[in-house]
S.K.: 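Structure incoming, see below.
Below, each value reflects all heavy atoms present in this structure, side chains not excepted, and no hydrogens, waters or symmetry copies.
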Amino acid sequence: MNQRYNDDDFAGFVEELVITKRLNKTEAGIAKQMLDQGYNSLSEIQKNVFDNAIERNSVKECKRCSNEIPWSEMIEALDNRGLCGWCHHFKSKMEEE
């Protein structure tokens with residue numbers, strides 16, 4: 001997972017986690033430090049807390065199509081029970097019929 005922390009849209013995802021209060025107070029503080037000073041500024045304990053928070057608040061791949069979910073779509077994927085935007089849209093259309 002740490003390799004994906006370098007993705008362009010990762011910082012936006014972390015900011016969204018903080019803004020939407022999906023992280024507890026400690027996790028949010030660590031996330032803010034990571035955003036301001038970088039992942040390498042964190043102590044090993046902070047890295048562990050941060051990594052666990054990201055793991056708990058992310059879905060590696062869509063549960064339907066198995067495509068990797070980009071950070072920019074992660075909040076929606078969490079809200080859509082692990083489905084990417086396309087699969088969620090497709091599922092919604094099927095349920096309407």
Side-chain angles (χ1 to χ4, degrees):
M1 184 70 77
N2 290 350
Q3 296 167 345
R4 290 191 65 202
Y5 290 0
N6 295 322
D7 291 354
D8 291 336
D9 48 357
F10 181 67
F13 168 68
V14 174
E15 287 175 7
E16 209 168 339
L17 288 177
V18 172
I19 291 167
T20 59
K21 301 186 189 289
R22 291 178 184 254
L23 303 177
N24 67 37
K25 186 176 180 180
T26 301
E27 294 166 341
I30 293 169
K32 288 175 185 177
Q33 178 182 333
M34 191 285 304
L35 290 169
D36 291 340
Q37 301 172 25
Y39 183 77
N40 290 331
S41 74
L42 303 178
S43 70
E44 288 305 313
I45 292 171
Q46 289 173 315
K47 286 178 181 178
N48 188 39
V49 170
F50 182 78
D51 293 345
N52 287 333
I54 297 301
E55 183 73 28
R56 191 181 71 251
N57 286 286
S58 62
V59 180
K60 184 174 177 163
E61 61 185 33
C62 175
K63 297 196 184 300
R64 183 176 176 274
C65 70
S66 300
N67 285 335
E68 186 176 283
I69 296 176
W71 295 117
S72 60
E73 296 179 20
M74 193 64 68
I75 298 293
E76 290 83 10
L78 291 169
D79 293 342
N80 295 332
R81 297 185 181 161
L83 297 178
C84 67
W86 189 87
C87 287
H88 176 69
H89 175 75
F90 181 76
K91 182 180 178 225
S92 296
K93 287 291 185 185
M94 294 299 290
E95 290 173 354
E96 287 177 8
E97 294 178 4

S.K.: Mind checking the SG-NZ spacing from C65 to K63? Nearest 0.5 Å is all I need.
M.R.: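 Going from SG on C65 over to NZ on K63, the span is 12.0 Å.
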S.K.: Going from SG on C62 to CZ on R81, what distance comes out if it is rounded to the nearest 0.5 angstrom?
M.R.: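 So the gap between those two atoms works out to 14.0 Å.
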S.K.: Would you say M74 and F10 make side-chain contact, with heavy atoms under 4.5 Å?
M.R.: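 No, every pair of side-chain atoms sits at 4.5 Å or beyond.
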S.K.: Does the side chain of N67 come within less than 4.5 Å of C84's, by heavy atoms?
M.R.: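 Contact flag for C84/N67 side chains = no.
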S.K.: Over 60° means perpendicular and under 30° means parallel, so classify the ring planes of Y5 and Y39, tilted if in between.
M.R.: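 Ring orientation of Y39 relative to Y5: perpendicular.
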S.K.: Closer than 3.5 angstrom, by distance alone: can the side chain of Q33 be matched with the main-chain N or O of S41 as a donor-acceptor pair?
M.R.: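 Between the backbone of S41 and the side chain of Q33 there is a qualifying donor-acceptor contact (under 3.5 Å).
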S.K.: Without swapping roles, check the side chain of E16 against the backbone of F13 for a donor-acceptor pair under 3.5 Å.
M.R.: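 Not confirmed, E16 side chain does not pair with F13 backbone.
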S.K.: Has the side chain of N24 got a donor or acceptor atom that lies under 3.5 Å from a matching backbone atom of T26?
M.R.: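 A pair under 3.5 Å: yes.
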S.K.: Counting only heavy atoms not in D8, do more than 12 sit closer than 6.0 Å to its CG atom?
M.R.: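 Not buried by this count: 12 neighbours or fewer within 6.0 Å.
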S.K.: Taking N80 for the side chain and H88 for the main chain, is one N or O donor matched with an acceptor at less than 3.5 Å?
M.R.: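 No; judged by distance alone, with no hydrogens or angles, the pair does not exist.
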S.K.: Could you pull out the closest heavy-atom pair between L83 and I69, with the gap in Å?
M.R.: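 Heavy-atom minimum between the residues: C-CD1, 4.4 Å.
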S.K.: Please identify each residue that fulfils salt bridge (charged side-chain N to carboxylate O under 4.0 Å, His left out) with D7, with sequence neighbours left out.
M.R.: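 Partners of D7 by the salt bridge (charged side-chain N to carboxylate O under 4.0 Å, His left out) criterion, ordered by chain and then number, come out as R4.
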S.K.: Is E27 salt-bridged to R56, going by a charged N under 4.0 Å from an acidic O?
M.R.: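 Answer for the salt bridge query: yes.
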S.K.: Would you say I75 and L17 make side-chain contact, with heavy atoms under 4.5 Å?
M.R.: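 A side-chain contact under 4.5 Å exists here.
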S.K.: Could you tell me whether the side chain of N52 and the main chain of N48 form a donor-acceptor pair under 3.5 Å?
M.R.: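 Here the side-chain-to-backbone pair exists.
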